[in-house]
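A short write-up of the structure that comes next.
Numbering of residues begins at 1 and proceeds along the displayed sequence.
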Amino acid sequence: MSQNHEGESLAPTGSNQIQWLPWGGSAFAQAQAENKPVLLSIGAVWCYWCHVMDEATYVDPEVADYVNNNFVSVRVDNDHRPDINLRYNVGGWPSTVFLTGHGGYIAGATYLPPDQLLAMLMEVQRTYRDQKPEVYDQGNSLLRQRREEVAKIAAGAELGEELVDRIARRVAGTYDPRNGGFGEAPKFPGVPILSLLLHLFRTTREEFYRVMLVKTLDGMAASPFFDQAEGGFFRYSPAPDWSEAQHEKMLEDNIGLARIYLEAYLLLEQDRYREVASRTIDYLMNNLYDDEARGFRGSQGAHSDYFGLPKESRQGQPSPPVDLYCYSSWSAQAVSLLLSAAWKLRRPELRLTALNVLAKLDAMAQTGRLSHIYSVSSPPKPAASSQLLTDWACLLNALMDAASYAGDSERYLERAKAVALILMAEFGDTSNGGFFDVDSDSEAVGHMRVREKPLPENVAAAQGLLKLHQATGDETYRETAQRTLSAYVEANRVYGEFAASYALTVDLALNEPIEVTIEGHLDEGHLDEGNLDEGHLDEGNLNEGHLENPDTQAMLRAAAQVTYPNIVVKLVEALAENQVVAHVCLNTVCLPPVSDPSELALTVAEAVAPEASSFENIFQQFGGL
């Protein structure tokens with residue numbers, strides 16, 4: 001165990017003096033039968049103060065005795081149950097929450113030392129005993145408020161460019177011109193914000209967007225916020241200038257930042273961003289990829305004593321532990337990243353990993369239930385009783401990206417249609433538009449009885465449906481996506497600058513997609529994907545080779561720099577030796593092929609104004625698409 005207690009498991013020995021129960025109906029039934037309030041502890045394996053509270057507060061004999069005699073204690077892992085965390089987190093981790101026997105909110109705090117927790121335990125227990133009707137009235141009132149807030153998220157308002165501009169101004173207002181980044185310390189990377197800035201600079205070429213991007217990307221990459229020894233970014237910086245780091249590393253953050261730097265490399269033509277993207281992907285593959293489970297683990301625990309050492313001094317030292325579990329949503333995001341990076345970084349081995357992970361996820365999905373967490377080498381944990389929108393939405397996007405980057409597009413497209421059907425049937429709000437974060441559960445307890453509609457998951461669902469519409473022409477997908485986005489015309493305001501991903505997706509929805517299909521050279525042999533349905537790809541199916549054709553890279557850069565908002569890039573293996581071309585298509589018609597990357601932007605402009613162009617039917621060019 002490290003001296004600073006970072007990186008240990010969620011429930012170390014100290015907290016085992018508390019009789020913890022998993023979230024579920026049985027725990028709340030016990031609370032009702034024994035007339036006790038519930039102590040809900042929400043933590044995470046990567047959370048430093050969670051471990052401190054376990055080892056300094058819950059280990060206290062007086063605290064443990066009082067909790068066990070007067071409360072029913074429930075423990076939840078934030079990463080395993082993001083749905084519970086969304087409803088009960090009180091501002092950070094750990095969240096120490098007190099509930100009625102029916103799940104109504106009483107009071108809450110974050111980290112508490114033993115004396116403060118004991119005082120709060122006594123006050124809550126006394127209030128629950130002496131003022132139970134009032135406590136229940138308060139809890140029911142808060143539950144009604146949640147229902148009312150969800151009901152306000154309703155389609156009807158029209159999408160417009162002014163919405164994108166309004167959120168862009170909101171983002172710019174939080175920019176730190178001295179240090180880069182957004183907001184005050186502690187500084188988080190803000191992946192959705194950076195994604196929007198990349199999009200806005202590409203489409204407008206406004207210099208202030210480039211300045212914000214470069215200042216932020218350079219500041220993060222050159223500072224201790226980026227692990228200069230092993231690659232990968234830490235969770236946040238306590239200092240505004242990125243000069244310090246809170247040393248846990250999160251899977252989702254690193255997936256997002258690898259994608260940001262990869263896109264910035266192509267858009268801004270800066271090799272240093274390519275290097276950061278590649279090293280971040282190396283970190284993911286070396287530290288968080290679980291080859292046996294075929295998925296990515298959620299985090300690596302903080303350990304300042306280790307991460308503070310230079311590279312040569314780390315050799316021989318045990319590295320901080322990683323999460324025991326893989327996560328479906330984040331593993332699907334990793335699939336999308338790796339499929340793109342295989343082409344853009346000339347690393348074909350990444351495609352093999354991506355397709356193996358995708359096969360695993362899709363095999364689970366074909367059973368009708370997609371587990372949020374999975375592992376083959378760790379002790380079993382109680383599965384989430386609910387199906388989560390985030391898992392299905394991310395899988396939909398991964399399947400659509402496979403259809404664009406991995407060949408055999410028809411098979412991936414058919415699977416994407418099946419996933420979209422489940423997405424809309426199980427999570428869709430048919431009355432008001434948008435998607436609920438969990439499926440319907442008649443046995444849900446407390447605030448879990450309110451199906452929330454968080455913006456990030458709805459944006460992911462809308463993005464997947466827009467991709468599916470572009471590939472199929474089925475208007476149902478576009479209409480559902482637009483109705484989803486319409487529901488947040490006003491509701492996005494509560495997210496502040498973190499509505500950035502919403503603004504980007506609205507801009508895509510407002511512009512007809514232009515497809516740019518690049519026939520490039522893989523030079524990697526051929527993958528035998530015939531056994532993908534069984535959920536496995538053999539490494540022997542990948543022949544040696546590299547993505548080394550410079551014309552393919554030049555065409556990718558040209559596509560990344562097109563100013564039209566909604567560009568859908570697809571890649572297929574070239575039919576003619578040493579002939580790299582791009583086909584620019586709108587719906588089912590295409591312009592003549594482009595072989596000169598410098599002409600791609602002009603060709604896209606002609607596609608947007610078809611009256612000045614000579615179109616060809618796409619099916620004459622790609623009979624198999």
Side-chain angles (χ1 to χ4, degrees), residues 164-223 225-226 231-237 240-242 245 249-270 272-281 283-284 330 333-334 336-337 340-341 344 397 455-456 459-460 463 492 495-508 560-561 565 567:
V164 181
D165 181 66
R166 186 163 63 240
I167 296 173
R169 291 174 183 274
R170 199 184 300 163
V171 165
T174 67
Y175 175 63
D176 178 355
R178 180 184 296 273
N179 303 298
F182 302 88
E184 305 292 334
K187 276 279 183 65
F188 290 85
V191 169
I193 294 174
L194 293 170
S195 293
L196 178 61
L197 290 180
L198 281 166
H199 176 79
L200 292 173
F201 177 66
R202 177 177 68 82
T203 56
T204 69
R205 289 301 192 268
E206 291 284 359
E207 179 65 11
F208 58 87
Y209 291 133
R210 189 194 67 81
V211 169
M212 285 191 280
L213 270 172
V214 171
K215 182 78 172 180
T216 302
L217 295 181
D218 287 352
M220 291 192 299
S223 73
F225 181 67
F226 181 73
F233 291 87
F234 296 108
R235 180 167 165 252
Y236 69 86
S237 173
D241 61 356
W242 310 103
K249 294 182 183 178
M250 314 300 290
L251 170 61
E252 185 177 29
D253 289 344
N254 278 281
I255 291 170
L257 287 168
R259 178 179 55 79
I260 292 295
Y261 278 90
L262 187 58
E263 291 180 8
Y265 153 64
L266 293 172
L267 177 61
L268 304 175
E269 298 193 52
Q270 297 293 330
R272 65 184 183 275
Y273 296 152
R274 181 189 191 279
E275 177 67 15
V276 174
S278 188
R279 292 193 64 205
T280 303
I281 290 172
Y283 167 75
L284 295 173
W330 298 333
Q333 292 177 28
S336 295
L337 167 67
S340 173
K344 295 171 183 176
N397 278 283
L455 180 59
V459 166
Q463 289 173 344
N492 81 84
Y495 290 86
E497 67 271 24
F498 297 106
S501 60
Y502 172 69
L504 191 159
T505 309
V506 167
D507 206 25
L508 298 180
Q561 295 174 17
I567 293 292

Check: Distance under 6.0 Å and angle within 45° of the ring axis: does Arg235 meet both against Phe233?
Finding: no
Checklist line | Charged tip of Lys344 within 45° of Tyr265 ring normal and under 6.0 Å | finding: no
What's the shortest heavy-atom distance between [X] and [Y], and which atoms?
X	Y	result
Leu217	Tyr261	O-OH, 2.6 Å
Ala499	Arg170	CB-NH1, 3.9 Å
Leu266	Ala560	CB-CB, 3.6 Å

Item checked: Criterion side chain to side chain contact (heavy atoms under 4.5 Å, CB included) against Leu198, the qualifying member of Ile193, Leu213, Thr203 -> Leu213
Check: Only one of Ile255, Leu194, Thr216 clears side chain to side chain contact (heavy atoms under 4.5 Å, CB included) with Ile260; which?
Finding: Leu194
Notebook entry, point to check: Got a sec: does the CD of Glu184 have more than 12 other heavy atoms crowding it under 6.0 Å?
Noted result: no
Item checked: side chain to side chain donor-acceptor pair (under 3.5 Å) between Ser336 and Arg259, intermediate numbers included -> CA-CA 9 Å; Ser336 295; Arg259 178 179 55 79; over 6 Å; no
Notebook entry, point to check: Hey, is the main chain of Met220 close enough, under 3.5 Å, to the side chain of Lys187 for a donor-acceptor pair?
Noted result: no
Notebook entry, point to check: What do the steps show when you test Phe225 against Phe234 for ring-ring contact (aromatic ring centres under 6.0 Å, His included), and what is the final call?
Noted result: CA-CA 6 Å; Phe225 181 67; Phe234 296 108; 7.3 Å; no
Checklist line | Lys/Arg N to Asp/Glu carboxylate O, Glu275 vs Arg272, below 4.0 Å | finding: no
